[in-house]
Engineer: 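The following block contains the structure, expressed as structure tokens.
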Amino acid sequence: MTATFAELWNGIAPIGRARNGGYLRYALDEPELVLRDWFRNQAARRDMPVTDDGNGNLFAWWGDQWGHDAVLTGSHFDSVPHGGGFDGPLGIVSAFLAIDEMRRQGRVPRRPIAVVAFVEEEGGRFGVPCLGSRLLSGAIEPEQAAALTDREGITFGEALGGTPAGRLPGLTGRINALVELHIEQGRALEVPVGVASAIWPHGRWRFDFTGIGDHAGTTSMTDRRDPMLTFAYTVLAANKEARLAGATATMARVEVEPNATNAIPSLVRAWLDARAAETGTLDGLVDAVIKRAHDRAGRDGTEVAVTPESYSAEVTFEKPLATRIASLLGDVPILPTGAGHDAGVLSAHVPTAMLFVRNPTGISHSPAEHAEEEDCVAGIGALARVLGDLT
Ligand code: HGY
Ligand code: MN
Ligand code: MN
């Protein structure tokens, strides 16, 4: 195999790309199914048999399939709506090319290596992020995952073709380590490659603001029970509370019923994405936002119902592994991130590390997300060295 980064990257670039350059790659939807076929094709070209773990995650094997002490490397294909092309796919493309590099160097791993494509990492279709790695590690029950629905009412079970298999038996014995390469999603990395130290705790909460639908022209301002007011106030309150806490809070997804120009809404449904460096700060932030939403609802004559939809606990990657990798790569920086990853989910069960590839602007979850080719190539070389060291 002598494929280059540019060849593989340009090969997948058009898949699921929207006119604005952003990507619409939702779990098990058409574009992602094409990428899964691409995955199988890349594996076949490298004589790597592919298995599915019954949860929607794909594994391409170099060595015994599910052999003990396997080292996994990879990431996800799915994107946020109109997200960038690097978040996820860079880790999978780099994994195949790192194996090419190891083979070019004549390396023969003493442990099985698998390239993995995790399903529904963004939670962009079924609402729970890292769904595939949560299933694999037993962090979510198969029946609960199967019942998750997308915006068209299709369940994850229907999209998958059945109830997911759930936790891999003997996970900790089967998997020796997981290394996920990912584009950096902040502005802190000023050299081509870095190593992750931690992931901030974060979560998603759904706010249902209910009021009384009515006519926009004939309802006096004092007679209204307008949930849009309570929602608007909550957005500003979340922003204020996050600034005060040194955390982040985002309300970027909203649904309005009936969503008509001349009708006061009866329901406004909105999602809060909140994150903080420590769990206590995060919990305090969310409690403050919920309290302020309820206080405002009292003044607006509306109701608020809050449903936690997902929670990712604070992750501290194994320090000895992170420092060993950082020194192997020439004492590269070790840095935290506010972005969630499948590696974060699995870190509770197996030794896990992340490699970050420099993102010059730090922009992510946007069509503007970008990494320079030479930094991506540096990431592949780094991943090859790490996989060689681990196997
Ligand atoms: O939202 C996140 O942190 C990640 O991109 N899933
Ligand atoms: Mn992402
Ligand atoms: Mn990602």
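For ligands, and for the atoms within them, numbers begin at 1 and follow the listed sequence.
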Engineer: Just need the protein heavy atom nearest to atom 5 (O) of ligand 1, so name the residue and atom and give the distance.
Structural biologist: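 Nearest protein contact, heavy atoms only, for atom 5 (O) of ligand 1 is H365 NE2, 2.9 Å.
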Engineer: Around E190, counting heavy atoms of other residues, nucleotides and ligands shown, do more than 12 lie under 6.0 Å from its CD?
Structural biologist: no
Engineer: Could you tell me whether D295 and R299 have a side-chain N and a carboxylate O separated by less than 4.0 Å?
Structural biologist: no
Engineer: State whether D87 contributes an N/O/S atom found under 2.8 Å from the Mn ion (ligand 3).
Structural biologist: yes
Engineer: How are the rings of F356 and H341 set to each other: parallel, tilted or perpendicular (split at 30° and 60°)?
Structural biologist: tilted
Engineer: Is R275 in polar range of ligand 1, meaning some N or O pair under 3.5 Å apart?
Structural biologist: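 Right, the criterion is met.
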Engineer: Using a strict 4.0 Å cut-off to heavy atoms of E121, name the atoms of ligand 1 that fall inside it.
Structural biologist: 4 (C), 6 (N)
Engineer: Is H76 close enough to the Mn ion (ligand 3) that one of its N, O or S atoms comes in under 2.8 Å?
Structural biologist: yes
Engineer: Kindly report the OE2-the Mn ion (ligand 2)-NE2 angle for E122 and H365 respectively, rounded to 10°.
Structural biologist: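 For OE2 of E122 and NE2 of H365, the angle centred on the Mn ion (ligand 2) reads 110°.
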Engineer: Give the ring-plane orientation class for F39 versus F77, where under 30° counts as parallel, over 60° as perpendicular and anything between as tilted.
Structural biologist: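 The arrangement is perpendicular - the two ring planes meet at more than 60°.
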Engineer: Among all protein heavy atoms in this structure, tell me which lies nearest to atom 4 (C) of ligand 1, with the distance rounded to 0.1 Å.
Structural biologist: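 The closest one turns out to be G340 O, 3.4 Å.
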Engineer: Check A293 against T230 and note the closest heavy-atom contact, atom names and distance.
Structural biologist: O-CG2, 3.7 Å
Engineer: Out of all atoms in ligand 1, which are within 4.0 Å of some heavy atom of A339? Include the element for each.
Structural biologist: 3 (O)
Engineer: Against heavy atoms of E122, which atoms of ligand 1 measure under 4.0 Å?
Structural biologist: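 Counting atoms of ligand 1 from 1, those under 4.0 Å from E122 are 4 (C), 5 (O), 6 (N).
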Engineer: CZ of R225: more than 12 outside heavy atoms within 6.0 angstrom?
Structural biologist: no
Engineer: With the threshold set at 4.0 Å, does a side-chain nitrogen-carboxylate oxygen contact exist between E309 and R206?
Structural biologist: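 Yes, E309 and R206 are salt-bridged.
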